[in-house]
Amino acid sequence: MAISFANATIFSKPSLFLQRSTLAFCLRFSSISTSSAAVQSHAHKKWRHPVASSLVELGGLKISREEIVKDDPTNNVPDSIFSKLGMQLHRRDQHPLGILKNAIYDYFDTNYPTKFDKFDNLCPIVSVKANFDDVLVPADHVSRSYNDTYYVDSQTVLRCHTSAHQAELLSEGHTHFLVTGDVYRRDSIDSTHYPVFHQMEGVRVFTPADWESSGTDATSYAAEDLKKCLEGLARHLFGGVEMRWIDTYFPFTSPSFELEIFFQEKWLEVLGCGVMEQEILKRSGRMDNVAWAFGLGLERLAMVLFDIPDIRLFWTMDERFTSQFSKGQLGVKFKPFSKYPPCYKDMSFWISDSFTENNLCEVVRGIAGDLVEEVKLIDNFTNKKGMTSHCYRIAYRSMERSLTDEEINDLQWKVREQVESKLKVVLR
Ligand code: DAH
């Protein structure tokens with residue numbers, strides 16, 4: 001689920017005394033840090049008796065649940081998402097995502113020794129400016145909506161892509177870098193979509209000396225170098241796999257491309273890339289340079305490499321999953337443990353104007369967590385009065401055990417209740 005700007009659905013502590021300004025620290029490159037509601041509310045809190053609250057370690061700092069999950073219309077972060085912050089699966093050397101990250105590092109270290117600076121612990125709470133404005137995402141782009149992105153407050157989001165760090169790192173003077181991190185998107189539910197996933201961003205800046213002797217213009221030079229680099233990476237990771245380049249659109253690159261890989265009978269989009277928009281470089285003080293950039297989805301690649309059939313598996317603590325992977329072992333094929341039977345529940349309702357599938361999925365996930373495997377629209381019609389009915393089929397299935405009828409009925413009952421009360425639809 002790379003942000004598919006292409007088809008217009010956007011489509012990713014050590015020091016307690018620093019806690020006073022943790023969010024401000026996360027947002028240090030944004031212009032809003034001191035005015036952020038989150039930071040202001042923190043200032044109030046410091047006089048209160050320190051109550052035990054869940055703290056999460058982000059970018060080397062501790063942040064409390066109350067700063068992230070708030071009963072406020074400008075906040076749409078549920079507890080199920082808060083619980084994923086700070087998990088940092090990509091920093092675990094024995095986890096498929098960590099193994100993959102390290103294998104990509106190896107490729108860059110071998111081909112560009114000591115060139116690329118690596119970041120894998122940048123705070124996932126970023127300003128709207130960093131996440132969208134700085135990478136030229138248009139003001140009316142759908143990816144900015146509350147339906148697609150998790151907002152901490154009106155000026156602060158959980159990054160929806162690692163591109164959120166491009167501008168800040170360029171401004172700091174980095175010219176070759178890789179940023180790996182967890183990214184957050186409200187989305188539908190199926191075997192390849194999960195509201196938290198991991199991306200790696202790569203950026204390489206060229207100076208006139210690089211392209212002047214090549215006989216080609218700067219943009220073609222960068223585009224060619226980019227494709228060569230990523231094809232080499234794909235070969236390093238996969239050996240042989242069917243892949244194809246697709247011309248596409250991203251607000252931050254021109255030209256822009258997507259790389260797709262053939263997996264489970266389908267073409268799977270695994271990365272987006274292109275030649276960085278000149279404006280981004282200019283604003284970072286690099287007028288005379290060109291750069292390429294890419295953003296790849298680690299889960300997508302890991303599913304193909306390790307034969308992992310369901311994206312929820314990345315989050316399981318089940319030893320039958322975790323014990324199959326070890327540090328440095330790329331591409332060991334996952335042996336599925338017995339699949340427990342799914343249970344399907346259908347639910348029909350008249351939708352309201354404000355109904356969205358992402359909101360439905362969030363309600364279902366909020367109740368059933370990782371027991372929900374898929375939420376699928378199976379029927380859709382509009383009657384003569386102009387009322388539209390949707391029928392969704394929810395597949396419940398645990399990867400760890402058999403679910404009882406009783407517990408599924410209980411879940412489904414709660415889902416029906418909350419769908420009706422929170423989504424303003426009328427059950428049929
Ligand atoms: N940020 C894009 C996404 O999440 C991926 C991407 C595309 C990153 C092109 C880039 C890029 O750096 O140049 O889908």
Side-chain angles (χ1 to χ4, degrees), residues 1-12 90 104 108 116-119 122 124 126 128 130-138 141-145 148-150 157-170 174-187 192-206 219 222-227 229-230 233 245-261 268-281 283-284 286 289-301:
M1 76 168 122
I3 288 188
S4 88
F5 284 99
N7 51 15
T9 25
I10 199 170
F11 355 62
S12 51
H90 60 285
I104 300 174
F108 281 92
F116 280 80
D117 300 322
K118 305 184 191 83
F119 301 88
L122 298 178
V126 300
V128 165
N131 198 72
F132 296 121
D133 303 342
D134 288 353
V135 281
L136 314 179
V137 176
H141 196 278
V142 61
S143 63
R144 292 182 182 247
S145 72
D148 286 36
T149 291
Y150 290 105
V157 296
L158 303 185
R159 67 182 163 213
C160 70
H161 55 177
T162 44
S163 306
H165 300 287
Q166 272 190 14
E168 67 193 47
L169 292 171
L170 284 168
H174 298 282
T175 57
H176 296 68
F177 56 86
L178 301 172
V179 180
T180 313
D182 36 328
V183 300
Y184 297 79
R185 285 186 210 168
R186 299 183 88 236
D187 214 333
T192 57
H193 290 87
Y194 200 80
V196 190
F197 60 103
H198 297 76
Q199 286 190 329
M200 186 188 290
E201 192 83 6
V203 169
R204 178 176 188 184
V205 179
F206 298 95
T219 304
E224 205 171 299
D225 188 84
L226 169 68
K227 285 192 171 175
C229 170
L230 291 174
L233 174 62
W245 286 105
I246 312 278
D247 288 328
T248 188
Y249 163 79
F250 294 106
F252 21 88
T253 45
S254 175
S256 307
F257 316 101
E258 258 165 23
L259 184 63
E260 294 187 345
I261 282 183
L268 194 66
E269 179 194 329
V270 292
L271 67 84
C273 64
V275 178
M276 190 180 287
E277 280 290 352
Q278 209 54 43
E279 181 65 19
I280 300 176
L281 285 163
R283 291 188 197 169
S284 316
R286 303 204 150 265
N289 297 165
V290 291
W292 55 237
F294 67 81
L296 57 83
L298 290 182
E299 275 83 349
R300 291 266 170 125
L301 288 173

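Everything numeric here is computed off the predicted structure, so don't read it as measured data. Both ligands and their constituent atoms are indexed starting at 1 by order of listing.
Rounding to the nearest 0.5 Å gives a distance of 12.0 Å between OG1 of Thr219 and CD of Glu224.
Here is the list of ligand 1 atoms found below 4.0 Å of a heavy atom in Phe250: 7 (C), 9 (C). Within ligand 1, the atoms closer than 4.0 Å to a non-hydrogen atom of Gln166 are 12 (O), numbered from 1 in the order shown. Contact atoms of ligand 1 toward Phe252: 1 (N), 2 (C), 6 (C), 7 (C), 8 (C), 9 (C), 10 (C), 11 (C) (distance under 4.0 Å to a heavy atom of the residue). Contact atoms of ligand 1 toward Gly274: 13 (O) (distance under 4.0 Å to a heavy atom of the residue). Each of the following atoms of ligand 1 lies closer than 4.0 Å to a heavy atom of Thr253: 13 (O).
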Please test Arg186 against Asp148 for side-chain contact (heavy atoms from CB on, under 4.5 Å), starting from the C-alpha separation and ending with a verdict.
CA-CA 5 Å; Arg186 299 183 88 236; Asp148 286 36; 5.5 Å; no

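Applying the ring-ring contact (aromatic ring centres under 6.0 Å, His included) test to Phe119 and every residue at least two apart in sequence or in another chain returns His174.
Aromatic ring centres of His161 and Phe252: separated by under 6.0 Å.
A 4.5 Å side-chain heavy-atom check between Ile104 and Leu298 finds at least one atom pair inside the cut-off.
Remark: Glu260 CD is packed, more than 12 non-hydrogen atoms of other residues, nucleotides or ligands lying under 6.0 Å away.
At a heavy-atom cutoff of 4.0 Å, ligand 1 is contacted by the side chain of Glu201 but not by its backbone.
Of the listed options Ser163, Ala291, Gly272, Ser143, Ser163 places a heavy atom closest to atom 1 (N) of ligand 1.
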